[in-house]
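Working notes, structure below.
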Amino acid sequence: MSEQVRNAITPDEMRAELHRLQYYDSLIHAVMTTSDYRGISSEDRYTLLAYHAIKALHLANERLLQDAMTRITPMFVTTTAVPKEIK
């Protein structure tokens with residue numbers, strides 16, 4: 001999603017922001033479209049959205065952790081040799 005999420009304080013502002021973002025975010029769009037098609041109530045619509053958002057967050061965290069655990073980090077060898085004096 002390239003569109004920035006605006007700050008929202010009240011539930012009405014949050015709801016309006018979610019409706020605005022459905023044109024930019026595939027998850028929000030899919031949930032809203034499915035809810036409209038199936039005639040799902042508003043409360044169940046946002047429950048469905050929260051559930052899928054949490055699943056996506058956990059999947060992203062899992063992938064990030066897996067990537068961090070499997071990435072080979074370069075090894076650096078340091079020495080404590082004393083440099084020779086310059087004459």
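With sequence neighbours excluded, the residues satisfying side-chain contact (heavy atoms from CB on, under 4.5 Å) with R20 are E3, R6, E17, Y24. Partners of T10 according to the side-chain contact (heavy atoms from CB on, under 4.5 Å) rule, which considers only residues two or more places apart in sequence or in another chain, are D12, E13.
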Only pairs under 3.5 Å count here: list side-chain donor-acceptor contacts from residues 46-56, not counting sequence neighbours, and write none if there are none.
from	atom 1	to	atom 2	distance (Å)
Y46	OH	H19	NE2	3.2
T47	OG1	E43	O	2.9

Side-chain donor-acceptor distances from residues 27-34 under 3.5 Å, at least two apart:
from	atom 1	to	atom 2	distance (Å)
H29	ND1	Q22	O	3.4
T33	OG1	H29	O	2.8
T34	OG1	A30	O	2.7

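Chaining together hydrophobic side chains whose heavy atoms lie under 4.5 Å apart places M69 alongside L65.
Side-chain contact between I9 and M14 is absent, with no heavy atoms from C-beta onward closer than 4.5 Å.
Listed by first then second residue, pairs satisfying side chain to side chain donor-acceptor pair (under 3.5 Å) with a partner in residues 57-68 read D67-R71, not counting sequence neighbours.
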